[in-house]
Number of protein chains: 2
Amino acid sequence: MLEVVKILKEKGYKVTPQRIAVYDVLKNTKEHPTVEAIYNKLQPAYPTMSLATVYKSLEMFKDLNLVQELNVGEDKFRYDANVKLHPHITCVSCGRVDDVDDEMFFNLSEQVAVKTGYEITGQKLYFYGHCPKCKQKA
Amino acid sequence: MLEVVKILKEKGYKVTPQRIAVYDVLKNTKEHPTVEAIYNKLQPAYPTMSLATVYKSLEMFKDLNLVQELNVGEDKFRYDANVKLHPHITCVSCGRVDDVDDEMFFNLSEQVAVKTGYEITGQKLYFYGHCPKCKQKA
DNA sequence: TACACCACGATAATTATTATTAATTAATAT
DNA sequence: ATATTAATTAATAATAATTATCGTGGTGTA
């Protein structure tokens, strides 16, 4: 939290309550919220905040590599304050998005680099299935 | 090509020139085109074809598991007539999207299942980097 | 205090996609 | 071959997500 303030200042961006608030929402959830979800979550405490501000804050945090953007195949994006490359898994039944530990993926990029001739800079790994809760119901 | 016709008939769908054309575009390219790109490619030969028809054809092929839908992080989808689960790699510089052989990924899903408790039904693996051409330029 | 400079909120504009509807076409039985 | 009918198409309106615009106001600095 202080970390963000420091980075914003260093990069010459202003530290505003809106920006902190957006970042805090992401930092304090494991739910990979959409813009809409972030906006709704902030409505009570920041009733005058604009959707555009959420979009702009996220864009800025993305550029600063303070959040990462996900797209699990929806027509919208989700956001995550954990910027470490790690796989995500989404339930095809209820739509929730969870993290997956990524110890086993550590050398994937190297293998891909060799195969494709690309210089790899990033990766996104998405898995799909039925989460434990939805498995029970079925 | 004949294969598609057969499947459409079996499933009770009509075989139309538009549908064949959309499928052919996907079958004969490795470029993972967007809806727009498919539409443009068909314009000369099918000048009256509607964008909505491209969308609907793709939706149907998706349901029939004849094409798969990709989203590498753009605000739109791309399509691939290769429905086998396989990783994709996209150039952060020129935007091209290529395939990656996936022999090394064959048991990823099982590992993820164990770790998350999900019952895995699918996966999407995207890598990012500089393609060989763009590496040269830099 | 005055002056820039951002950043904000409101809202218009844009882009991708989906829904609607009337007309056309493919499949089937005559 | 032709008529029937039900699916499909093209055109276009509608919707949803995102981005751009712009006037206002706060903040830091000279």
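Protein chains get the first letters and strands the later ones, always in sequence-line order, with residue 1 at the start of each. Any value given below was found using the heavy atoms of this structure, including those in side chains, with hydrogens, waters and symmetry copies removed.
Of the candidates D:dA10, C:dA27, C:dC8, the closest approach to any side-chain atom of B:Met49 belongs to D:dA10. Checking D:dA17, D:dA11, D:dT9 against the side-chain heavy atoms of A:Asp75 singles out D:dA17 as nearest.
Nucleic acid contact for A:Pro47: none, since no nucleic acid atom lies under 4.0 Å from a heavy atom of the residue. As judged by a 4.0 angstrom heavy-atom cut-off over every strand, A:Glu59 is placed among residues making no nucleic acid contact. Within 4.0 Å of A:Lys14, counting heavy atoms only, lies at least one base atom of the nucleic acid. Residue contacts for B:Gln18: at a heavy-atom cut-off of 4.0 Å it reaches the sugar-phosphate backbone alone, with no base atom in range.
Connection of B:Ile38 to B:Met49 is established within a shared hydrophobic cluster, with ILVMFWY side chains joined at heavy-atom distances below 4.5 Å, either directly or through further cluster members.
A donor-acceptor contact closer than 3.5 angstrom links the side chains of A:Glu69 and A:Tyr79. A side-chain N or O of A:His88 and one of A:Asp99 form a donor-acceptor pair less than 3.5 Å apart.
Using a 4.0 Å cut-off, some side-chain N or O of B:Tyr55 falls inside it from OP1 or OP2 of C:dT17. Between A:Thr16 and C:dC8 there is a side-chain polar atom (N or O) within less than 4.0 angstrom of OP1 or OP2. Remark: B:Thr53 is in phosphate contact with D:dA10, judged by side-chain N or O atoms under 4.0 Å from OP1 or OP2. Checking the phosphate oxygens (OP1, OP2) of C:dA26, no side-chain nitrogen or oxygen of B:Arg19 falls inside 4.0 Å. Taking 4.0 angstrom as the limit, A:Ser50 places none of its side-chain polar atoms (N or O) nearer than this to OP1 or OP2 of C:dA10.
For B:Tyr118 and A:Phe127, the ring centers sit 6.0 Å or farther from each other.
With DNA chain D read from its 5' end, the first of the two nearest nucleotides for B:Ala52 and B:Gly12 is the one closest to B:Gly12. Projected onto DNA chain C by closest heavy-atom contact, B:Glu36 and B:Pro17 fall at different nucleotides, the more 5' of which corresponds to B:Glu36. Nearest-nucleotide positions on DNA chain D place B:Tyr13 closer to the 5' end than the other of B:Leu51 and B:Tyr13.
If you take CG of B:Asn71 and C1' of C:dA16, they are 12 Å apart, rounded to a whole angstrom.
The pair B:Asp80-B:Arg78 does not meet the salt-bridge criterion, since no charged nitrogen lies less than 4.0 angstrom from a carboxylate oxygen.
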